[in-house]
Protein chains: 2
Amino acid sequence: MLILVNQVLLQIMTIKYLLDSNFKPTSYEKGDVIYEPGAQPRAVYFIKSGKVRMVTVNDDGKEFIQGIFKTNEYFGEPALLLNKPYLAYTIATQDSEIIAVKGDDFLKMLKDHPDFSMKLIQTLSHRLFYKSMMLEELANEHAEHRIRTLVAYLFKDVEHGQELKITRQQLADMSGLRVETVIRIIKKLSDQKELKLIRGKIIKI
Amino acid sequence: MLILVNQVLLQIMTIKYLLDSNFKPTSYEKGDVIYEPGAQPRAVYFIKSGKVRMVTVNDDGKEFIQGIFKTNEYFGEPALLLNKPYLAYTIATQDSEIIAVKGDDFLKMLKDHPDFSMKLIQTLSHRLFYKSMMLEELANEHAEHRIRTLVAYLFKDVEHGQELKITRQQLADMSGLRVETVIRIIKKLSDQKELKLIRGKIIKI
DNA sequence: ATTTAAGTATGATCTGGATCATAAATTAAA
DNA sequence: TTTAATTTATGATCCAGATCATACTTAAAT
């Protein structure tokens, strides 16, 4: 029923469109903060290259990873469109080039390009799916179930026999567990042949 | 910066538009299931009157309330637009009249009415905000903090001195806690004068 | 008005995963 | 290559909140 332009292609075209329209990327080094909770949103951020993590931090300094955004993806629209202060930090996890598109320009993009608008609706829907899944897990499921679900989700982008490029700490920060707990569970999943461990690396079977 | 039609007004106009366009509502009785997890989405559901809860249920039968939808709101778009099976049940919590708009018609609505499309983007953004907030709470915060945050959020639509129309069980099902825990915490918040209890009812101070 | 059901209340016990401590292995930096 | 920094690993203890049990209160149904 849904006949839509290939998603990745549309993403790449979007970055190209921005560059052609003379939007200039800013360079961020690994660890740089793009925005902080409480700040008033002024732009939507398109990643020309690199990777960022979006994290909320509680009073004890414990991080929760709300999302990870990679090359050709964008972030920061919800807060901008609702005109509400950010809830999360966004931090470059590696050196990155990012195009900040000011609010008015972003609205114009949405208005002038219905296909981009449709793509945004899909992107938001996808993020909602992920968050709904994780909410169910955090609310109702025990540690082992949480990690099994999360790893299955992350394995979607990984080939059989290939490594899942993520640390135990990151899995902990995505699942609301502690790193020791994640380590023990990953070991257990390995014992149960649900994944393979090679020199600590998590390998998809 | 954002100049948008009043949200509630646009919602009501949408229902009116559907009725004018000869979409017919279906009646559901309290407890009726509108859709179930696993089912393939075919429509988006607009609530002409009534109320529904969207819940995921784990293997032990424990419910988690993903969202509550009321008159003039709609639900079920993300799964439809991603063409993925539903994750949750949607159940009428009171007698309701609901207009099922088939996928193609919904896409046509989005295409023909950019303001509706823009409104959907805002609605999805708002739901993402709520889910991000709850994820942070479930991942990082203890019971008392969770309930305090949730009650503060729900109090937004309640006048001072008025009752929060929600049961302890529903708060439990939204926060991933057990009903006994919620009862104890609500009592504690009452002792701390953060809310008032009158014959068991939670009153906003 | 009476019965029934749903929701609230409260104590006692139990347990999954946090916390603490310590060390080994791997990767990055000097 | 050596040192330093991350990440993985593992045991011991602890505690917040689940679980279990039981009763009371309020609202709904007959």
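First the proteins, then the strands, lettered A, B, ... as listed; each starts at 1.
Whole-Å rounding puts the B/Ile183 CD1 to D/dC20 C1' distance at 14 Å. For B/Leu177 and C/dG16, the CG to C1' distance is 15 Å, given to the nearest whole Å. Note: NE2 (A/His142) to C1' (C/dG17) measures 10 Å, nearest angstrom. Rounded to a whole Å, the CD atom of B/Glu144 is 14 Å from the P atom of D/dA18. The separation between A/Ile198 atom CD1 and D/dA9 atom P is 13 Å, rounded to whole Å. Going from atom CD of B/Glu180 over to atom P of C/dG7 covers 14 Å, rounded to whole Å. D/dA16 atom P lies 14 Å from atom CZ of B/Arg146, rounded to whole Å. Taking atom CD1 of A/Ile203 as the reference point, atom P of D/dT8 lies 12 Å away to the nearest angstrom.
Comparing A/Val179 and B/Val182 by the nucleotide of DNA chain D that holds the closest heavy atom to each, the one mapping nearer the 5' end is A/Val179.
In terms of phosphate contacts, A/Arg178 brings a side-chain nitrogen or oxygen within less than 4.0 Å of OP1 or OP2 of C/dT19. In this model, the phosphate group of C/dT27 is approached by a side-chain N or O of A/Arg199 to a distance below 4.0 Å at OP1 or OP2. Applying the 4.0 Å criterion to OP1 and OP2 of C/dG7, one finds that B/Thr167 has every side-chain N and O outside that range. Dashed line: the shortest gap from a side-chain N or O of B/Arg168 to OP1 or OP2 of C/dA6 is not under 4.0 Å. OP1 or OP2 of D/dA9 has at least one side-chain nitrogen or oxygen of A/Lys187 nearer than 4.0 Å.
A salt bridge links B/Lys188 to B/Glu144: one of the charged nitrogens lies within less than 4.0 Å of a carboxylate oxygen. Between B/Arg184 and B/Glu180, no side-chain nitrogen of the basic residue sits less than 4.0 Å from a carboxylate oxygen of the acidic one, so the salt-bridge criterion is not met.
The rotation axes computed at either terminus of the helix from C/dA1-D/dT30 to C/dA30-D/dT1 lie 60° apart, taking five pairs at each end and rounding to 10 degrees.
Counting distance only, with no hydrogens placed and no angle test, the side-chain atoms of A/Arg184 and the base atoms of D/dG11 include a donor-acceptor pair under 3.5 Å.
Checking A/Lys84 against A/Gln40 by side-chain atom types alone, no donor-acceptor pair falls below 3.5 Å.
If you look at B/Phe75 and B/Phe46, their ring centroids are not closer than 6.0 Å.
Contacts of B/Ile186 with the nucleic acid, taken as non-hydrogen atoms under 4.0 Å apart, are absent.
Within a 6.0 Å radius of NZ in A/Lys193, other residues, nucleotides and ligands contribute 12 heavy atoms or fewer.
Below 30°, between 30° and 60°, or above 60°: for B/Tyr17 and B/His113 the angle between ring planes is above 60°, a perpendicular geometry.
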